[in-house]
Amino acid sequence: MADTALHLTAMPAGRRKTRMLLALSVLLAAASALWLFQGLGEGNRAFILQLRAVKLGALLVVAAAVAVSTMLFQTVAANRVLTPSIMGFDSLYVLLQTAMVAGLGVAGFAAIPQLTKFLAELVLMCGLAVLLFGTLLGRGTRDIGRTILTGVILGIMFRSAAGLLARLIDPNEYAVVQAASTVSFTRADPVLLPIGAGLTAAAIGVALWLAPRLDVLALGRDTAVSLGLRHGRMVVVTLALVALLVSVATALVGPLSVFGSPAFFGLVIAGLAHALARSHRHDVLLPAAVLIAANILVIGQMVFERLLGQQAALSVVIEFAGGLFFLYLLLKGRIR
Amino acid sequence: MIQLSGISHRIGGAPILNDITAELPRGKLTALIGPNGAGKSTLLRLIGRLEPLQQGSIHIDEMDLTRTPSVDLARRLAVLGQQTQIASRLRLSDLVAFGRWPHHQGRATARDRKITAEALETFGLGDLSHRFLDEVSGGQAQRAYLAMTFAQDTDWLLLDEPLNNLDMSHARGLMSRLSGLVGSAGKSVVVVVHEVNYAAAWADHIVALKDGRIAATGTPDEVLNAGTLSALYDTEIEVARHQGRPLVLHH
Ligand SMILES: Nc1ncnc2c1ncn2[C@@H]1O[C@H](COP(=O)(O)OP(=O)(O)OP(=O)(O)O)[C@@H](O)[C@H]1O
Ligand SMILES: [Mg+2]
């Protein structure tokens with residue numbers, strides 16, 4: 001036993017981990033192929049294929065963004081039950097939609113170019129995050145709990161502000177707000193998707209590059225500092241990546257809480273990633289989380305659309321299937 | 001030599017350390033003693049740059065603490081705090097391996113793995129190395145933290161109450177190992193200890209703190225006498241001698 005443990009630390013990622021990542025990749029490839037080609041009729045093949053490809057792209061981008069942002073957030077917060085969705089990004093997004101409709105009217109809202117809207121939402125959401133995380137810097141990065149609490153309270157305030165504003169506008173406008181505030185993987189159009197995918201890939205690339213430092217960050221402040229990590233800077237960089245990932249995903253498809261009670265999807269993914277990776281190393285954990293999230297989303301959406309004929313909500317599929325698997329691992333003692 | 005000059009420290013307006021100036025000699029085992037709340041941990045944390053320095057200066061050998069990159073310090077000085085809490089679920093072997101991080105920053109070499117394995121053996125953790133940190137006893141966890149600090153293989157070792165949770169034999173083993181590091185490997189060690197007899201038996205140099213000030217410094221013979229200790233701890237303390245060293249009687 002002792003022998004295998006030493007062996008595992010001795011090998012960079014370990015063969016078992018490579019095999020696990022490979023299996024998840026194969027599963028994802030199969031699910032994606034099924035998604036693209038299943039029931040593809042005779043007419044209009046190219047058109048349907050393109051439609052499906054864009055939607056698949058959106059699913060993958062969102063899955064990757066949610067997975068990595070959750071893992072990074074948990075590493076910074078040194079907590080396995082928090083996810084960035086408690087930080088109020090969703091509420092800010094809904095407030096922005098409501099404010100735009102209230103300010104510009106239905107016609108004006110519809111006339112905003114998609115790209116402008118996307119970029120403005122990105123800048124505003126990241127701006128809020130910088131403000132929030134900036135308070136961290138001022139406190140010498142000691143008070144992460146307080147920053148998170150501030151985010152939660154801001155989120156509640158945004159939500160009530162949006163609710164208040166919604167009551168002031170007329171029902172037609174409200175219907176537009178509602179449509180804009182529900183998640184939609186078809187909303188991601190072929191222009192925005194590559195930008196969102198590029199930003200997400202860049203953020204994940206940086207996170208992977210920082211993986212060894214993230215491993216140290218996860219040890220907590222005192223140990224990280226004594227090992228020579230520039231802790232304050234690392235916390236800020238990591239939170240900036242979280243903010244970028246969450247903002248991109250939200251601006252691309254809408255409020256992410258559609259994946260079930262806001263924290264649930266991230267929680268399931270993080271729990272599964274730890275259970276399957278059985279490693280503290282982020283160069284294993286991050287890819288595992290991305291692959292798990294992508295599999296759950298693609299398969300879940302496929303079941304939802306094609307098996308259930310859109311009769312249920314995606315969140316129900318995810319909460320039920322993800323929850324069952326999670327419980328199974330929990331009972332087997334693989335998650336702790 | 002660690003040179004402390006004019007160090008003062010406040011927490012929320014309350015003075016914790018007052019104008020501390022002292023030298024911690026190189027190549028010696030220095031014991032930091034004093035009553036609860038004297039400021040020992042605060043001072044050690046300042047030297048280990050776990051707290052930002054508010055006033056005064058600290059030089060570790062030729063390095064100015066506030067001007068030296070943190071990772072350069074980590075290759076010269078290892079610090080183990082009084083309470084170390086680690087949130088992530090780690091096996092003991094993984095924890096100890098982190099001691100090598102300042103040297104390889106992510107890409108462990110064969111030498112790093114060898115030093116890690118040796119540190120595990122040294123602290124009698126070979127059979128436990130696959131266990132998770134939350135699956136071992138308090139003393140075994142403490143030994144794992146110590147092994148990590150040893151694996152860092154630095155000139156300077158700062159340990160805050162390393163004897164915490166250790167049984168008699170492991171406590172004695174640790175002190176003799178520290179003394180060995182100083183004697184044969186030319187390292188310099190600073191330990192906070194409460195059991196003054198460990199200081200009496202093993203230390204070369206003693207710094208006594210009280211109420212955020214230096215109360216006494218010197219060799220064990222100079223500091224560990226009835227007068228100084230009684231005043232330091234506000235308790236009647238007798239000191240006898242045993243095998244040429246002070247033996248403090250306080251029960
Ligand atoms: N975060 C804090 N806020 C307020 N006061 C603090 C804080 N940390 C320490 N102190 C105070 O600073 C003083 C010195 O604390 P320190 O931990 O350095 O003492 P110590 O000598 O290590 O004591 P012990 O032997 O109990 O470990 C104490 O009076 C303590 O109450
Ligand atoms: Mg202390």
Side-chain angles (χ1 to χ4, degrees), chain A residues 1-12 14 71 74-82 139-142 144 208-234 271 274-275 277-283 285 333-336, chain B residues 45 48-52 68-108 110 112-114 116-117 120 125-132 134-135 145 148-149 152 154 158:
Chain A
M1 273 308 271
D3 208 329
T4 49
L6 282 175
H7 187 65
L8 281 185
T9 47
M11 303 238 307
M71 299 304 289
Q74 293 192 347
T75 291
V76 172
N79 184 309
R80 286 261 186 101
V81 284
L82 289 176
R139 296 186 183 284
T141 65
R142 220 67 76 72
I144 293 169
L208 283 174
W209 177 63
L210 291 174
R213 273 172 266 185
L214 288 167
D215 298 346
V216 176
L217 182 66
L219 299 177
R221 182 178 177 279
D222 276 6
T223 311
V225 171
S226 67
L227 291 176
L229 186 77
R230 292 172 67 177
H231 183 262
R233 206 178 61 154
M234 193 61 200
H274 281 293
R278 283 201 276 171
S279 168
H280 62 281
R281 295 178 57 125
H282 284 77
D283 58 1
L285 281 171
R334 295 280 296 273
I335 295 179
R336 40 204 303 174
Chain B
R45 290 175 63 83
R49 48 95 173 79
L50 300 179
E51 302 288 338
T68 311
S70 189
V71 70
D72 293 347
L73 282 170
R75 292 192 200 110
R76 292 284 291 279
L77 170 143
V79 52
L80 181 62
Q82 188 169 359
Q83 289 142 344
T84 312
Q85 291 289 338
I86 285 188
S88 48
R89 231 176 108 70
L90 285 179
R91 293 177 196 280
L92 297 196
S93 53
D94 293 328
L95 176 74
V96 176
F98 271 114
R100 298 304 301 161
W101 196 82
H103 302 276
H104 63 64
Q105 304 207 342
R107 289 177 174 277
D112 293 317
R113 286 191 282 274
K114 183 165 158 280
T116 302
L120 281 163
L125 297 168
D127 292 339
L128 299 173
S129 65
H130 64 284
R131 291 262 203 104
F132 284 101
D134 54 6
E135 290 170 351
Y145 286 119
M148 172 172 92
T149 312
Q152 212 171 321
T154 49
L158 311 180

For this session: Could you walk me through whether B:Thr84 and A:Asp222 pass the side-chain contact (heavy atoms from CB on, under 4.5 Å) test, one step at a time?
Result: CA-CA 8 Å; B:Thr84 312; A:Asp222 276 6; 5.8 Å; no
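- Residues satisfying the side chain to side chain contact (heavy atoms under 4.5 Å, CB included) criterion with A:Arg230, sequence neighbours excluded, are A:Arg233.
- The shortest non-hydrogen separation linking B:Met148 to A:Thr223 is CE-CG2, 3.5 Å.
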For this session: Could you give me the CA-CA distance, side-chain angles and deciding distance for B:Leu90 and A:Leu219, then say whether side-chain contact (heavy atoms from CB on, under 4.5 Å) is met?
Result: CA-CA 9 Å; B:Leu90 285 179; A:Leu219 299 177; 3.4 Å; yes
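- For the options B:Val79, B:Thr149, B:Leu158, B:Ile86, heavy-atom pairs under 4.5 Å to chain A are most numerous at B:Ile86.
- What you find for B:Ser70 and A:Gly228 is that their closest heavy atoms are OG-CA, 3.5 Å.
- Heavy-atom minimum distance, B:Gly106 versus A:Pro212: CA-CB, 3.7 Å.
- With rounding to the nearest 0.5 Å, the separation of CZ in A:Arg278 from CZ in B:Arg91 is 7.5 Å.
- For B:Leu73, no part lies under 4.5 angstrom from a heavy atom of chain A.
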For this session: Quick one: do B:Leu80 and A:Ser226 satisfy side-chain contact (heavy atoms from CB on, under 4.5 Å)? Show the steps, please.
Result: CA-CA 8 Å; B:Leu80 181 62; A:Ser226 67; over 6 Å; no
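- The most heavy-atom pairs under 4.5 Å with chain A, out of B:Gly99, B:Ala74, B:Ala78, come from B:Ala74.
- Here the side chains of A:Leu227 and B:Phe98 are in contact, with some heavy-atom distance below 4.5 Å.
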